[in-house]
Structures are given as C-alpha cells and as structure tokens.
Asker: 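Got a structure for you, questions after.
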Amino acid sequence: MVEWLLFETKPSCLQNWNKLEQQSMVPNFLVNAFLEVLKSVFSLDFENRLRFEQPRNEEFGDFATSIALILAKELKRNPREIAESIVQNLKLDSNLVEKISIDGPGFINIKLSKNFFALELDRMFQVGEDFGKGNKGLGQKVNVEYVSANPTGLLHLGHGRNACIGDSIATLYQWLGYDVTREYYFNNAGRQMQNLARSIFARYRQILGDNDYPFPEDGYHGDYIKEIANEIAEKFGKTYYEEIPENIDFCKTYGEKWCFEKIRSTLEKLNIHHDVFFNEDSLYKDGKIEDVINILREKGLVYDKDGAVWLALSKLGLSEDRVIVKSTGEPTYRLPDIAYHREKFLRNFDLIVDVLGSDHIATVPDVLAGLKALGFDTSKVKVVFHQFVTLTENGVQVKMSKRSGRSYTLDELIDEVGADVVRFFFVMRSVSSHLEFDLNLAREQSEKNPVFYLQYAHARICSIFDTAKERGIEFNPKVTTECISKPEEINLIKLQRRFPEVVEVSAEKFEPQILADYLYDVATAFHTFYHECRIIGSEEPILSARFKLAKVTQRILRNGLKILGVSAPTRM
RNA sequence: GCGCCACUAGCUCAGUUGGAUAGAGCAUCAGCCUUCUAAGCUGAGGGUCACAGGUUCGAGUCCUGUGUGGCGCGCCA
C-alpha cells in the first residue's frame, strides 16, 4: 500500500490551489456576503470551507450551498433554522440576485438575475481573444514527458493516445501560465536496440540471399524491419554483409534513425512537437548512470549479490529489493529511469508529469523510491496512467497483434480518419477508462461524429460574421447587453462563464476529457441558441448583444479545440 | 496468490469536495428547412448505478467483503 501512496497523491505544487478561488464561476459578491454573515453571526471563519455547487435541477437556482447542513452538525442546531438566520443577514445586491430560498433539509439556493448574466457577458467579451487563459502557473516550470516510444518501431494506437493526452495536458498548463517543456525520453540504449539491430541484420542477410540466416527469437517481426533492411541493401549492397559488431552496429544506427524519422513524421501529422528529445545513451556518456549508483551506494542502499547490483528498495518502504545492474553488466530500466528523472529534478521543474500506459504501473514505485532516496521531493512528480485502446469496426474488435507485426499503426489511422478526429477521439474518454475507438464513427462526416459537431458550431459562427460583413451589418461592442432575456441566451452565458474553470480543472485532474465534454456542451447550447434566436435581422441592442454571445462562443470553441490540438475551421 | 484499474440505459461513456427527481451521445420512434450553414434543432421511450453489508440528515460517489473483466507482479521496458 505504501508503494502506491508515493504517487497517488496530488502533486505538491497544485495543492496550493485555493479550493474556493478555484470555484471561479461562483461570483465573488456571493462568496463575500456569505463569509461576512458567517463571521458576524456565527463568529466562524469559513474561508476555505464554504462551497457552492450548481444544482442539477434548475428549479433550485444557479448556486446552492449546504453550509447550513454542515453547521448543523457542529452547532447541534436545526439546519433550517441556521439557514434562516444566514439568509436573513445576507447583504446581497437585489440587482444581481433574483431569488434566494431555503429548500429541502436546509439548502440555501440562489438564483441570479438576468442582469447579472448580462454583465457577465460584457465582462467575458471584454477579456478578448484569450478568454480562458489563467495565471496560476506564472513563474513555474512544468515538464511533460509523453510518447517516449522506443525507436524500435512505428507508433501504434496506444502511443497515439499517450501522445494526444500528453500534448493536451502540456497545452492546458501553458494556458494557465506555466512555462512548459514538452519532452520525449528516447530509449536508445540497452537490449531492445540490440534486438532491433539483429532483426534488421537478419532481414538484410536474407534479402541478400542468405535464406537460412536465423532471425532472432525475440526479434521484431514487423514489415518495417524488412523495409529498413531493403533500404540498406539497395543503398549499400553487401557492404555490411559480414557478421561483425561494426555491421550490426550500423544496422542499429540506421534503424534508430529510420524509426525516429517515422515517429517524428507521424507526430508531425498530429501537430505534436517536443521541445526536448532526451537521449538515454547520453546518461551513459555523461556518467550520470555511474553517479546514481555511487550516490546510492554511499547511502548504503546499493549492494552486490549473485554478480548483480541491487537496489535495497526494502529499506525504502517497498516490499522487495530489485536488480539495477544485471550480472551481464547491463543496467535494468530502473537505473537509467532514476538517472533520467534525477536530471529532470536538477533542471528545477516545479511539476514533473510522466504520461505512461497502464502497463507501466508496476515500474513507477521503484523509480520514485530511488528518487526519494536521492533526496528529491517526489511529490513534484505526477504520473498519468492511461488505459488501453481498442479499435472496433462494425461493432467488432479489430485485432491488434504486436507479435504478428500486423498491428494497425497510428500513421495508418491518421491517414484514414484525419488528424482532428484522432486527436479528439483519443482524449474524449477519461484517461483511466479503456478507450474504444469506433472506426465507423470516426469515418462519419456528420453530426454523429462529435468532432464535426464541434467544428460545425465554430464554422457556423464564422459564417454569421461573414454574412453580416457581406450585408454591411456592423455590431457595436459598446452596447450593453441588458436586453438579454431568452432562456437559450442565459443558458449559453452560464456555460461560457465556466470556461476558465474548466481549463483549470482539466489541468488539475490531468483529464483533457473534461474539456472535451465541456466543449460539446457549449456547442449544443450554441446550436440551440442559434435555432431559437436570430442575430442578423434583429434590432439593436439585441443585435449587438447576440453578436457578443456568438463572439464569446467562437473564442471558447477555438481556444478549447486548440488546447486539444483540433483545428477550428471557419468554413465547412 | 498479490497489486492496480474498471463495472452506471440495448451500445459507447459522463457524473466536481458525499447532496435534492440519475446525465449525454449512438441506436429506435415521432416532428421541424421560402430565413444567419439541416454537418442543425425539438420531443418520446429506455436504469435494481455488478452484488451484499456498513458509515450519516443524505451514498453512483466514502469503508469492508464478493463476483466479472482488463493490466501488471523478471537480472524485459
């Protein structure tokens, strides 16, 4: 159990996020009025404990608080009584609050006025194009490591999900003002690279006529290996035919470069670019691996046994000691991983995010324990584990066998359904849920496909502005929006107000899906509004008020889609 | 055997820190285009929140146990 606590807690730098402040959609005047009453009437300081929720049922107003129920326990008084005395003493601007009531066991429900929402629309409109950006992270550095696939093959769908989640998380943090480094850990050392080299070499020999040349038992079976071997054969003929270390090594270097190029071009299609490609082999060249062993040895946490070097994880609260250098002299993954993360710590990040497939769950406690032993604050590390991807077509699961090498590559998927669909589909489920990628739905170019639904809403708004321009209709940004009154308008404003908070919560929870769901709701609210409320053809001030409504929606959709890496077409 | 994750409508999934009558999309059925993009909108049906206990004013949410499924438990990464 101890092992899991190491990384299941919330990263330290996010723990300062003020719970109350985070409820940014709760108007300040409301919070202050309540705090004032709690202080003056009950002599209670509730600064960090007063919470408001948005009732599911609209009858209960826009915000509700169960503060009276909570107090009832502490004060041992009837909750409704407490609610009464709170409400009686509340000093609220009747211009902003339409109704305040006590319902059920003692909930205090607040319904805000249309005027309040009109003022909010003006406020959001004035924020400008960057609506949704925050400043919580100013002055802080975040490192987000994602993809990090070995250069031994092509990216598959699991990597695709990893890439899209990681990139969206990185952008979310950028939107909060963090200085973000996107990083790819390039596992180009160790045995799997040897395996790649031998696989290529074997195919190379076979291509050149040595049909009996044995293929490595645990070699890489994919067709791409033959492709690489073919290239070498065509370019260099029999130059590297002889089975000597130099030639195997050539295959390794060539293969690594080839795979890296493919990986990069696939990520390029998704518009994913890393700032740093951290090479594993540099850890060896720069002596970092040795450094880690030496430091841990000095601390008495490393010992030799059976010809191998062991890390005494049992002294660090874990159940078993593990090998960090095999008897062959090769390190296991733990050692370079620890050394690599040590480098990240030394680069002074306030938050270190690793995006990993859930198959890596068991490896993380070892690495974190090692880092802790080196004296680093592991609460700065957040490991985001995502579940697997299954591909379905016509309701049937498409087999993705890695062994046979006939797995569906990410590249093929992008070519088939487009980058926008891939990016959205991979983040539209929560990270911890299995993701079923429905090829039929992905290919669908209609409202059934959520990507098009969202993009269509954006394009529709753009079209309104285009049409207005063509017809010489101008809107006046200075018009106040008090005329807003229809439920479709109010509903849209309510959703719009939430955008900055949704960005925060998505980042805090490392869940781009929250943003994806929200955008869908915004698009729906807009489509409903569009159907019910005409813009062009309306008289002032309705005309300009609705223009603002459309403008803010457009910015939310554009910015939200941008965070998810999805394009926002102006025309469809 | 041990650990992690999941289990909510026919299917795919949401469900803030425990809150009031359980949410969406798809699928099914019924409506809406002489109008700013019908790639859209409106409505209907559909639920023992896997099961059993517990905690309390109140549980899909927290605790314990059980079942089912996925992943992991190496001198592989």
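Atoms considered below: every heavy atom in the structure, side chains included; atoms not considered: hydrogens, waters and symmetry mates. Naming convention: chains lettered A, B, ... in sequence-line order (proteins, then strands); numbering from 1 in each chain.
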Asker: Using whole Å, report how far NE2 of A:His531 lies from C1' of B:G31.
Answerer: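 It is 11 Å, rounded to the nearest whole Å.
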Asker: Let me have the donor-acceptor pairs involving side chains of residues 516-529 of chain A, under 3.5 Å, with sequence neighbours excluded, atom names and distances please.
Answerer:
from: A:Asp517; atom 1: OD2; to: A:Gln513; atom 2: NE2; distance (Å): 2.8
from: A:Tyr518; atom 1: OH; to: A:Leu495; atom 2: O; distance (Å): 2.7
from: A:Tyr518; atom 1: OH; to: A:Phe499; atom 2: N; distance (Å): 3.4
from: A:Thr524; atom 1: OG1; to: A:Tyr453; atom 2: OH; distance (Å): 2.9
from: A:Thr524; atom 1: OG1; to: A:Tyr520; atom 2: O; distance (Å): 3.0
from: A:His527; atom 1: ND1; to: A:Arg460; atom 2: NH1; distance (Å): 3.0
from: A:Thr528; atom 1: OG1; to: A:Thr524; atom 2: O; distance (Å): 2.9

Asker: Examine the base of B:A14 for any acceptor or donor lying under 3.5 Å from a partner atom in the side chain of A:Asp521, and report the outcome as yes or no.
Answerer: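 No such pair is found, so the answer is no.
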Asker: Round to the nearest Å and state the distance from A:Glu436 atom CD to B:A6 atom C1'.
Answerer: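 The distance from CD of A:Glu436 to C1' of B:A6 comes to 14 Å, rounded to the nearest Å.
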Asker: Which nucleotide, B:A20, B:C75, B:A77, lies nearest any side-chain atom of A:Asp103?
Answerer: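 Nearest to the side-chain atoms of A:Asp103, counting from C-beta on, is B:A20.
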Asker: If the glycosidic angle sits within 90 degrees of zero it is syn, else anti. Tell me which applies to B:C51.
Answerer: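 Base orientation relative to the sugar is anti.
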Asker: What orientation do A:Phe475 and A:Phe547 show, parallel under 30°, tilted 30 to 60°, or perpendicular over 60°?
Answerer: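 Judged by the thresholds at 30° and 60°, the geometry between A:Phe475 and A:Phe547 is parallel.
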Asker: Tell me which nucleotide among B:C4, B:A38, B:G19 gets nearest to the side chain of A:Tyr456.
Answerer: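 In terms of side-chain proximity for A:Tyr456, the closest of B:C4, B:A38, B:G19 is B:A38.
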Asker: Under the criterion of centre distance below 5.5 Å and interplanar angle below 30°, is A:Phe388 classified as stacked on the base of B:G70?
Answerer: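 Stacking between A:Phe388 and B:G70: absent.
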Asker: Is the base of B:A39 stacked against the aromatic ring of A:Tyr453, taking ring centres under 5.5 Å apart and planes under 30° as the test?
Answerer: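 Stacking is absent between B:A39 and A:Tyr453, given that the ring centres and planes do not meet under 5.5 Å and under 30°.
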Asker: Closest approach to the side chain of A:Phe107, judged atom by atom: which nucleotide of B:C5, B:A20, B:G72 is it?
Answerer: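 From the listed options, B:A20 comes nearest.
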Asker: At under 4.0 Å between heavy atoms, what does A:Pro331 touch on the DNA or RNA strands: base, sugar-phosphate, or nothing?
Answerer: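 Sugar-phosphate only.
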Asker: Identify the nucleotide, in any strand shown, that forms a Watson-Crick or G-U wobble pair with B:A59, with both distances under 3.5 Å; if there is none, say none.
Answerer: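 By the stated definition (distances under 3.5 Å), nothing pairs with B:A59.
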Asker: Is there a side-chain polar atom (N or O) of A:Ser433 under 4.0 Å from OP1 or OP2 of B:A14?
Answerer: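 Yes, because at least one side-chain N or O of A:Ser433 sits under 4.0 Å from OP1 or OP2 of B:A14.
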Asker: Whole-Å distance between B:C4 P and A:Leu368 CG?
Answerer: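 Those two atoms, CG and P, are 16 Å apart.
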Asker: Heavy atoms from C-beta onward define the side chain here; which of B:C75, B:C36, B:A77 lies closest to that of A:Ser327?
Answerer: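 Closest of the options to the side chain of A:Ser327: B:C75.
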Asker: Among B:C36, B:C71, B:A77, which is the nearest nucleotide to the side chain of A:Ile464?
Answerer: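 Looking only at heavy atoms from C-beta outward on A:Ile464, the closest nucleotide is B:C36.
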Asker: Taking the inter-plane angle between the rings of A:Phe186 and A:Phe260 on a 0 to 90° scale, is it parallel (under 30°), tilted (30 to 60°) or perpendicular (over 60°)?
Answerer: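 A:Phe186 vs A:Phe260 ring planes: perpendicular.
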Asker: Return whichever of A:Glu59 or A:Thr467 has its heavy-atom-nearest nucleotide of RNA chain B closer to the 5' end.
Answerer: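 Of the two residues, A:Glu59 wins.
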Asker: Between A:Lys326 and B:C76, does any side-chain N or O lie under 4.0 Å from OP1 or OP2?
Answerer: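 Yes, within the criterion.
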Asker: Counting only side-chain heavy atoms from C-beta out, which of B:G25, B:G19, B:U37 sits nearest to A:Ser463?
Answerer: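 Side chain of A:Ser463 sits closest to B:U37.
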Asker: OP1 or OP2 of B:A38 less than 4.0 angstrom from a side-chain nitrogen or oxygen of A:Arg460, does that happen here?
Answerer: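 Answer is yes, contact under 4.0 Å.
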Asker: With a 3.5 angstrom cut-off on both distances, give the Watson-Crick or G-U wobble partner of B:C2, or none if there isn't one.
Answerer: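 By the stated definition (distances under 3.5 Å), B:G72 pairs with B:C2.
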Asker: What's the closest nucleotide to the A:Ala362 side chain, out of B:A39, B:G72, B:C75?
Answerer: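 Side chain of A:Ala362 sits closest to B:G72.
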Asker: Is any side-chain N or O of A:Thr528 under 3.5 Å from a base N or O of B:C41, one able to act as donor and the other as acceptor?
Answerer: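 Between B:C41 and A:Thr528, which were checked side chain against base, a qualifying N/O pair under 3.5 Å is absent.
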Asker: Compare the minimum distances between each of B:G19, B:A14, B:C36 and the side chain of A:Ser66, then state the nucleotide with the smallest one.
Answerer: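 Closest nucleotide to the A:Ser66 side chain: B:G19.
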Asker: Considering just the side-chain nitrogens and oxygens of A:Ser430, establish if one lies under 4.0 Å of OP1 or OP2 belonging to B:A14.
Answerer: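 For B:A14, OP1 or OP2 has a side-chain N or O of A:Ser430 closer than 4.0 Å.
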Asker: Tell me the interatomic distance from A:Lys509, atom NZ, to B:A14, atom P, rounded to whole angstroms.
Answerer: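 So the NZ-P distance, A:Lys509 to B:A14, works out to 14 Å.
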Asker: If you assign each of A:Ser432 and A:Asp517 to its closest nucleotide in RNA chain B, which residue comes earlier from the 5' end?
Answerer: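 Its nearest nucleotide being more 5', the pick is A:Ser432.
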Asker: Decide, yes or no, whether a salt bridge links A:Arg443 with A:Glu393 under the criterion of side-chain N to carboxylate O below 4.0 Å.
Answerer: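 Yes, charged N to carboxylate O under 4.0 Å.
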Asker: In whole angstrom, give the distance that lies between atom CD of A:Gln54 and atom P of B:A14.
Answerer: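 Rounded to the whole Å, the gap is 20 Å.
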